[in-house]
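These notes concern the structure reproduced below.
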Amino acid sequence: MSSVSLQAPRGTRDILAPDSARLRALTQAFAAESELAGYGQVVSPMFEQIEVFRRVGEETDIVSKEMYHFRDPGDRHLALRPELTASVARAFVQHRPPVPWKVWYEGPQFRYEKPQAGRFRQFNQVGAELFGSDDPQADVEVIALAWRFCVALGLRRVRLVVNSLGDRADREAYLAALAGYFGGRADELSAQGRVTLARNPLRLLDSKRPEDRAVVAGAPPIDEFWSPAAAAHFAAVRAGLDALDIPADRQRLLVRGLDYYRRTAFELVSDALDGAQDAVGGGGRYDGLVADLGGPETAGVGFALGVDRLLLACDAEDVFAAPPAAADVYVVDVTGGAEATLLAEELRRAGLRAERAFGGRSMKAQMKSADRSGARWAVLVGPDELADGAVSLRDMRGTQAAGGTAGQSRHPRAGIVAELVARLAAEKGKTP
RNA sequence: UUGACCGUAGCUCAGUUGGUUAGAGCGCCGGGUUGUGGUCCCGGAGGUCGGGGGUUCAAAUCCCCUCGGUCAACCCA
């Protein structure tokens with residue numbers, strides 16, 4: 001950092017090309033996958049009345065201590081969205097679309113946290129939600145969508161883990177049982193573990209502290225608290241995934257961070273990611289959330305994937321590279337540059353990716369730039385060409401030595417655009 | 001919020017126990033005779049050593065604060 005004193009706020013960053021193109025490509029791939037399954041895009045505001053998020057649970061860390069919130073000039077208390085399910089559920093309550101309402105979304109979210117690899121204060125997610133059905137097949141469809149997308153990206157080292165948190169009453173009973181169990185062994189827990197116990201015993205289950213893990217190992221399993229209906233639902237979900245050949249590991253200690261989850265909970269974890277942030281996404285069923293937001297009793301299931309972490313996983317597995325940004329044509333003009341402007345515009349109108357230099361640089365310098373642009377062809381305009389109403393066309397992929405004029409041909413200026421369109425089309429046909 | 005490590009040109013980094021005009025590679029710009037790229041050679045631009053304060057005759061090198069990064073706990077995508 002030299003004399004630059006202004007910088008992006010902590011935990012945020014600028015994404016420049018070609019990384020930005022890669023992010024866009026990932027979003028497009030997700031859109032394609034989602035719409036294939038009948039999900040329509042929903043674009044909701046980046047901020048909401050703070051109440052929207054408070055309703056999802058005050059004990060949730062995301063809500064209680066990680067929200068960016070503020071009062072606007074009209075004294076409205078607002079918050080930048082820390083997650084999207086609540087926003088989408090609010091949209092559902094507001095518009096009451098016919099069910100099943102199937103939506104996908106994409107965009108930044110904000111959480112006030114200490115940043116580290118794969119964790120930012122502004123981060124991007126893609127996700128999907130299905131409102132209005134408690135059919136276990138809905139869970140299967142949603143999970144399959146998330147899974148298929150990871151596979152489509154080329155990720156092979158992603159695992160799906162699933163669990164069921166039971167119905168509301170099951171969850172309450174389990175919570176009480178955990179409180180009793182852990183309470184009796186509080187002295188064996190870590191100091192922080194005891195704090196967690198007081199706040200939410202469920203959280204202790206995925207503690208990473210060794211002292212806590214030893215105690216957790218003997219904790220009562222949630223299975224014993226499932227209602228018959230919840231147990232049957234989970235069995236149906238697992239059978240459905242099995243039928244689709246989607247490998248799902250039951251993980252009895254999986255409890256998600258948002259408190260609104262009921263029954264199905266799942267996560268996608270990457271084994272290619274080292275470090276603590278190995279979850280690329282997660283989701284589950286949240287029957288009851290819509291009612292909490294003031295709507296009718298409505299079932300729902302969905303998921304979100306962290307775009308930044310997905311991209312990190314792609315890097316680790318060496319898949320889903322940035323799309324190439326090579327130019328088709330580079331216009332070299334040593335007659336002042338006005339001709340390059342005309343030609344480049346013509347080429348672009350014809351759909352070719354055309355680049356040119358500015359500032360009246362030497363031919364050698366422009367050729368160097370042409371090379372670095374990755375252009376397939378260079379169109380040269382010098383005094384001779386200009387006088388003859390012609391241009392020189394140079395094959396930049398030739399193996400001839402630099403400096404020579406082999407692989408170069410003269411063409412009438414008038415027909416050069418059509419000529420290039422034809423040549424590029426012919427090549428594209430040969431090598432897709 | 002807690003702890004550990006780190007912060008030198010656009011990028012990756014060197015900078016001996018504090019001592020004259022802070023270096024390299026890559027990148028960028030220009031040149032190697034008349035208008036031509038990818039190799040090679042030469043040259044140039046670019047840094048108030050993250051910022052502020054302190055110790056000292058003297059600090060990129062020591063101390064404090066601050067901002068930022070990385071890693072871990074917490075939590076989560």
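Please read these numbers as outputs of a predicted model, since none were measured by experiment. Just so we're on the same page: letters track the sequence lines, and every chain starts at 1.
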Exercise. Distance only, no hydrogens: is a donor on one side chain within 3.5 Å (strictly under) of an acceptor on the other, for Ser87(A) and Arg81(A)?
Worked result: no
Exercise. Below 4.0 angstrom from OP1 or OP2 of G68(B), is there any side-chain N or O of Arg13(A)?
Worked result: no
Exercise. Is Arg209(A) near enough to A72(B) that one of its side-chain N or O atoms lies under 4.0 angstrom from OP1 or OP2?
Worked result: no
For this session: Would you mind building the protein contact string for nucleotides 28-33 of chain B? One character per nucleotide, 5' to 3', B for base within reach (heavy atoms under 4.0 Å), S for sugar-phosphate only, - for untouched.
Result: SSSSB-
For this session: Examine Arg13(A) relative to Phe120(A) and say whether NZ or CZ is less than 6.0 Å from the centre of the six-membered ring and inside a 45° cone about the ring axis.
Result: yes
Exercise. Relative to the 5' end of RNA chain B, which residue comes earlier, Asp61(A) or Leu380(A), by the nucleotide with the nearest heavy atom?
Worked result: Leu380(A)
Exercise. With respect to the phosphate group of C76(B), does any side-chain polar atom (N or O) of Arg111(A) fall under 4.0 Å of OP1 or OP2?
Worked result: no
For this session: Kindly indicate whether the side chain of Gln116(A) and the base of A73(B) share any N or O donor-acceptor pair separated by less than 3.5 Å?
Result: no
Exercise. Would one find a side-chain N or O of Arg199(A) under 4.0 angstrom from OP1 or OP2 of C74(B)?
Worked result: no
For this session: Check if the side chain of Arg119(A) and the base of C75(B) share a donor-acceptor pair of N or O atoms closer than 3.5 Å.
Result: yes
Exercise. Of Ala304(A) and Met363(A), whose closest RNA chain B nucleotide lies nearer the 5' terminus?
Worked result: Met363(A)
Exercise. Does NZ or CZ of Arg121(A) come closer than 6.0 Å to the centre of the six-membered ring of Tyr112(A), within 45° of the ring's axis?
Worked result: yes
For this session: Enumerate, in order of first residue number, the stems that involve RNA chain B, defined as 3 or more consecutive Watson-Crick or G-U wobble pairs with both distances under 3.5 Å.
Result: B:1-7 with B:67-73, B:10-13 with B:23-26, B:28-32 with B:40-44, B:50-54 with B:62-66
Exercise. What about Trp101(A) and Phe131(A), are their ring centers closer than 6.0 Å?
Worked result: yes
Problem set entry | Between Ser369(A) and Arg361(A): side-chain donor-acceptor atoms closer than 3.5 Å | yes
For this session: Go through the N and O atoms of the side chain of Gln7(A) and the base of G69(B), and report whether any donor-acceptor pair is under 3.5 Å.
Result: no
Exercise. Judged by modelled atom types alone, do Gln122(A) and Tyr68(A) share a side-chain donor-acceptor pair under 3.5 Å?
Worked result: no
Exercise. Got a donor-acceptor pair under 3.5 Å from the side chain of Gln192(A) to the base of U2(B)?
Worked result: no
Problem set entry | Presence of donor-acceptor pair under 3.5 Å, side chain of Lys114(A) and base of U2(B) | yes
